[in-house]
Chemist: 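Quick one: this structure, given as structure tokens, is what I'll be asking you about.
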Amino acid sequence: MKRFTLLSIFLTLSIFKFASAGTCVNNTDAIDVATYAAQSIVSITLSRIAPHAQDEKMEQLLVECVDVTKVSKRVLGRAKWEELSKEQQANFLKEYPRYFFSTFKDIIISSLSGTSSVTVKPTSIKNVYEATFINGKEPIKINLTLEQKDGFYKITDGAYNNVSVVDTQRNSFDMMYEKDKNAIKNFKAEKKIQKKYIFC
């Protein structure tokens, strides 16, 4: 038990040290952003801190590394986005990150807990990088898509088992919209966050 605890602390410090060397902010190298994001997620899942502090770190990483504005618009789709007034668009951009974070936080932490190493490599598709997380079970592979904005890179999608996060979220919002056409006009994350979420 003591040996396992020491190993966990060593891995946490090693990964945190690696992740801290980079940043997602103002980075002109896509693979550096993908690597930093993947390493930081592992660092956060391994950190022995209070749950609320872990949440704050994960949210901060989301804001720094993901182009939330672009993801938000794609989740709604052009037609639904243009139905919104400027005020409603601003509200959605404020509320959606909280919804996104709450939806995926638990599955990220549970899936990647115990990760001992993570590698990031380019795929055959430009600016798509495969992050492989090793945790003693079958490796978890997530493809991260990055896009350039003003010369810098941010993540705009992630795919697990070839299932896109953006597509999954769009399906959820399409169903939400079908039930209530006004659901996105005054969107409030707290009212829509599900207690249990199955990534399929």
Side-chain angles (χ1 to χ4, degrees), residues 14-47 53-78 80-82 84 86-105 107-109 111-112 115 117-133 140-160 162-170 173 187 189:
S14 298
I15 293 170
F16 181 75
K17 182 179 178 182
F18 181 88
S20 298
T23 178
C24 283
V25 181
N26 297 338
N27 201 315
T28 57
D29 195 328
I31 193 168
D32 285 350
V33 172
T35 302
Y36 174 77
Q39 292 281 358
S40 295
I41 287 172
V42 174
S43 175
I44 293 167
T45 60
L46 288 176
S47 59
Q54 195 175 53
D55 288 355
E56 287 174 3
K57 284 183 176 293
M58 197 74 83
E59 278 191 277
Q60 183 180 0
L61 182 67
L62 172 68
V63 171
E64 288 180 0
C65 297
V66 177
D67 188 339
V68 180
T69 299
K70 186 167 285 187
V71 171
S72 300
K73 291 179 180 180
R74 287 179 177 172
V75 160
L76 286 188
R78 183 184 296 275
K80 293 185 187 67
W81 177 257
E82 292 180 349
L84 304 180
K86 296 292 184 186
E87 292 77 14
Q88 290 167 343
Q89 288 176 352
N91 175 70
F92 190 80
L93 291 178
K94 182 184 78 173
E95 292 288 324
Y96 176 73
R98 191 177 308 149
Y99 174 84
F100 176 91
F101 167 74
S102 297
T103 301
F104 287 98
K105 177 193 70 172
I107 196 165
I108 287 172
I109 291 175
S111 298
L112 302 182
T115 296
S117 68
V118 57
T119 58
V120 178
K121 66 179 183 180
T123 67
S124 58
I125 304 171
K126 184 179 180 182
N127 291 334
V128 176
Y129 297 88
E130 182 185 82
T132 302
F133 301 86
I140 296 173
K141 296 185 177 183
I142 300 174
N143 281 0
L144 299 173
T145 301
L146 292 95
E147 293 182 34
Q148 206 172 24
K149 182 179 180 181
D150 300 325
F152 304 115
Y153 283 95
K154 282 207 169 189
I155 297 167
T156 55
D157 199 2
Y160 175 66
N162 296 316
V163 178
S164 158
V165 170
V166 170
D167 289 347
T168 302
Q169 290 272 289
R170 186 183 295 126
F173 276 91
F187 183 72

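Only a predicted model underlies this, so the values are computations on that prediction, with no experimental measurement involved.
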Chemist: Roughly how far apart are Cys24 SG and Asp67 CG, rounded to 0.5 Å?
Modeler: 11.5 Å
Chemist: Quick one: closest heavy-atom pair of Leu112 and Ile140, and the distance?
Modeler: CD2-CD1, 4.0 Å
Chemist: According to ring pair (Phe, Tyr, Trp, His ring centres under 6.0 Å), who are the partners of Phe187, at least two apart in sequence or on a separate chain?
Modeler: Phe92, Tyr99, Phe173
Chemist: Name all residues meeting the salt bridge (Lys or Arg N to Asp or Glu O under 4.0 Å) criterion together with Lys80; count only those two or more places apart in sequence or in a different chain, and write none if there are none.
Modeler: Asp174
Chemist: Please report the shortest heavy-atom distance between Phe101 and Asp55, naming the atom on each side.
Modeler: CZ-O, 3.5 Å
Chemist: Check whether Asn27 reaches the backbone of Thr23 with its side chain - one donor and one acceptor, N or O, closer than 3.5 Å.
Modeler: yes
Chemist: Going from OG1 on Thr132 to NZ on Lys141, what distance comes out if it is rounded to the nearest 0.5 angstrom?
Modeler: 5.0 Å
Chemist: If you compare all heavy atoms of Ile142 against all heavy atoms of Tyr160, which two are closest, and at what distance to 0.1 Å?
Modeler: CG1-CD1, 4.2 Å
Chemist: To the closest 0.5 Å, what do you measure between OH (Tyr96) and CZ (Arg98)?
Modeler: 13.5 Å
Chemist: Decide yes or no on side chain to side chain contact (heavy atoms under 4.5 Å, CB included) for Leu144 and Val33, but give the supporting numbers first.
Modeler: CA-CA 10 Å; Leu144 299 173; Val33 172; over 6 Å; no
Chemist: If you measure from CG on Leu61 to NZ on Lys57, what distance do you get to the nearest 0.5 Å?
Modeler: 10.5 Å
Chemist: Roughly how far, to the nearest 0.5 Å, is CG of Asp167 from CG of Asp157?
Modeler: 6.5 Å
Chemist: Could you tell me whether a side-chain N or O of Ser43 sits under 3.5 Å from a main-chain N or O of Gln39, the two making a donor and an acceptor?
Modeler: no
Chemist: Between the side chains of Gln60 and Glu64, is a donor N or O closer than 3.5 angstrom to an acceptor N or O?
Modeler: yes
Chemist: Which atoms form the tightest heavy-atom contact between Ala37 and Ile155, and what is the distance?
Modeler: CB-CD1, 3.7 Å
Chemist: Please name the pair of heavy atoms, one in Phe133 and one in Ala38, separated by the smallest distance, quoted to 0.1 Å.
Modeler: CE2-O, 3.8 Å
Chemist: With distance as the sole test, does Ser47 use its side chain to make a donor-acceptor pair with the main-chain N or O of Ile44 at under 3.5 Å?
Modeler: yes
Chemist: Donor-acceptor pair, distance only, cut-off 3.5 Å: does the side chain of Arg170 make one with the backbone of Leu76?
Modeler: no
Chemist: Measuring from atom OG1 of Thr115 to atom CG of Leu46, what distance do you get when rounded to the nearest 0.5 angstrom?
Modeler: 6.5 Å
Chemist: Using atom types as modelled, flag every donor-acceptor pair under 3.5 Å from a side chain in residues 122-131 to any protein atom, sequence neighbours excluded.
Modeler:
{"from": "Thr123", "atom 1": "OG1", "to": "Ile125", "atom 2": "N", "distance (Å)": "3.2"}
{"from": "Thr123", "atom 1": "OG1", "to": "Ile125", "atom 2": "O", "distance (Å)": "3.3"}
{"from": "Thr123", "atom 1": "OG1", "to": "Val128", "atom 2": "O", "distance (Å)": "2.8"}

Chemist: Looking only at non-hydrogen atoms, find the nearest pair between Val120 and Ala34 and report the distance.
Modeler: CG1-CB, 4.0 Å
Chemist: For the pair Val166 and Val71, evaluate side chain to side chain contact (heavy atoms under 4.5 Å, CB included) and give the outcome as yes or no after the intermediate values.
Modeler: CA-CA 7 Å; Val166 170; Val71 171; 4.2 Å; yes
Chemist: Do Thr168 and Val163 touch side chain to side chain, with heavy atoms closer than 4.5 Å?
Modeler: yes
Chemist: Within the distance-only criterion (no hydrogens, no angle test), does the side chain of Gln148 pair as donor or acceptor with the backbone N or O of Tyr153 below 3.5 angstrom?
Modeler: no
Chemist: Less than 4.0 Å between a side-chain N and a carboxylate O, is that true for Lys70 and Glu147?
Modeler: yes
